[in-house]
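In what follows, a structure is listed as structure tokens, so that the remarks can point back to it.
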Amino acid sequence: MFDSSKSNFTTHTSTQDTKVLASSYLCLKLKLAIDMASLHNLFVVVSILSLLAFSSNAQLSPNFYARTCPNLQTIVRSAMRQAIAREARLGASILRLFFHDCFVNGCDASILLDDTATFTGEKNAAPNRNSARGFEVIDTIKTNVEAACNATVSCADILALATRDGIVLLGGPSWTVPLGRRDARTASQSAANSQIPSPFSDLTTLTSMFAAKGLNARELTVLSGGHTIGQAQCQFFRNRIYNETNIEPNFAATRRANCPASGGNTNLAPLDTLTPTRFDNNYYVDLVNRRGLLHSDQVLFNGGSQDALVRTYSGNSAAFFRDFAAAMVKMGNISPLTGSNGEIRRNCRVVN
């Protein structure tokens with residue numbers, strides 16, 4: 001009896017254990033299924049977010065106007081060729097417009113908007129007032145583009161293309177320009193006043209301001225190489241040539257001849273002493289020789305973190321050209337308006 005009872009007890013216990021194990025197994029499978037479903041849902045969400053992020057970036061494409069305005073790049077290049085032939089400095093002026101545009105709420109052509117009685121643009125912000133120029137060139141290109149492709153191409157994209165072409169026409173590198181930007185309906189004078197780096201900035205400030213736009217110190221140094229073309233007003237380099245010590249004496253004396261201690265604020269001097277109308281690496285040669293015109297130029301070679309890179313570019317134009325082209329593409333991707341955001345302006349100076 002005892003043995004029989006023991007046998008029955010064992011059998012009964014085994015059955016219970018089996019049920020418990022089966023139940024546990026089912027619970028585990030259910031939990032695993034739930035976890036897998038959650039993981040799948042998470043994957044789907046992450047994938048969608050990644051796709052959206054990619055799509056946002058992917059909306060800029062070199063072929064954006066391939067069907068809607070196939071002759072766009074030829075039209076822009078032709079107008080820029082005429083402009084540069086008339087005045088080589090315009091290549092630098094257009095480059096400066098693009099830089100000042102991208103640093104204020106992204107590359108959205110807000111810098112091209114005129115002030116009106118009811119609208120305050122960026123043209124009269126301190127960094128642009130009486131110094132930003134080249135607007136008429138963009139107007140001409142826009143007129144020609146509108147004649148070929150009405151209400152299709154943004155002013156922001158025209159500015160990006162004109163910038164590239166101006167540099168190429170002055171002997172600089174070329175690059176493929178991603179397209180598909182749209183034009184802002186707004187502008188910000190206050191942002192232009194606070195977000196565009198000053199010619200009096202030190203290296204720490206410059207590095208921080210570029211970092212705020214997603215550009216690193218190396219890109220700061222290579223984009224500053226755009227100063228291999230163009231000119232600056234006396235008011236922006238007076239303190240450097242009269243009061244700073246990290247400056248080559250003969251260079252300072254030469255610049256003082258056309259930039260008095262007082263007055264002559266708008267008198268011009270070339271940013272590159274050697275080849276001011278040719279895009280090359282002589283800007284960096286000047287820096288190594290302490291002939292940087294602006295304070296914000298010479299800080300790139302003054303015993304700091306960028307000295308080695310400046311020296312590299314001064315002796316290697318191919319490296320400068322390669323890095324400059326890549327940095328221009330990156331700068332041109334700062335916060336573009338795409339899709340249904342913004343508009344395609346009919347006239348670059350006014351919102352539709």
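Since this is a predicted model, take the numbers as computed values, not measurements.
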Residue list, side chain to side chain donor-acceptor pair (under 3.5 Å) with S190, at least two apart or on another chain: S188
Gap between atom CD of Q298 and atom CZ of R240 - 0.5 Å precision: 4.5 Å
Sequence neighbours excluded - side-chain hydrogen bond (donor to acceptor under 3.5 Å, both in side chains) pairs with any residue from residues 89-99: S93-R133, R96-S131
Residue pairs involving residues 199-217 (criterion side-chain hydrogen bond (donor to acceptor under 3.5 Å, both in side chains); sequence neighbours excluded): Q195-K213, D202-T205
Pairs flagged by disulfide (SG to SG under 2.5 Å) wherever residues 62-100 is involved - sequence neighbours left out: C69-C149
Interatomic distance, Q233 atom CD to T266 atom OG1 [nearest 0.5 angstrom]: 6.0 Å
Selection residues 276-352 - residue pairs positive for disulfide (SG to SG under 2.5 Å), sequence neighbours left out: C155-C348
Residues clustering with V350 (ILVMFWY side chains joined when closer than 4.5 Å, directly or via others): none
NZ/NE/NH1/NH2 to OD/OE distance under 4.0 Å, D115 and K123: no
Short N-O contact, R181 and D108, less than 4.0 angstrom: no
Shared-cluster residues of V285, by chain and number - hydrophobic side chains joined below 4.5 Å: L274
Of all pairs that satisfy disulfide (SG to SG under 2.5 Å), the ones with a partner from residues 163-200, not counting sequence neighbours: none
Under 4.5 Å side-chain linkage, directly or through intermediates, the cluster mates of L293: F200, F236, F237, I241, Y242, I247, F251, L271, L294
Salt-bridge contact E343-R185 (side-chain N to carboxylate O under 4.0 Å): yes
Qualifying side-chain hydrogen bond (donor to acceptor under 3.5 Å, both in side chains) pairs, either residue in residues 166-176, two or more places apart: none
Co-members of the apolar cluster containing L113 [side chain, <4.5 Å]: F119, V351
Disulfide (SG to SG under 2.5 Å) partners of residues 178-293, not counting sequence neighbours, each pair once: C234-C259
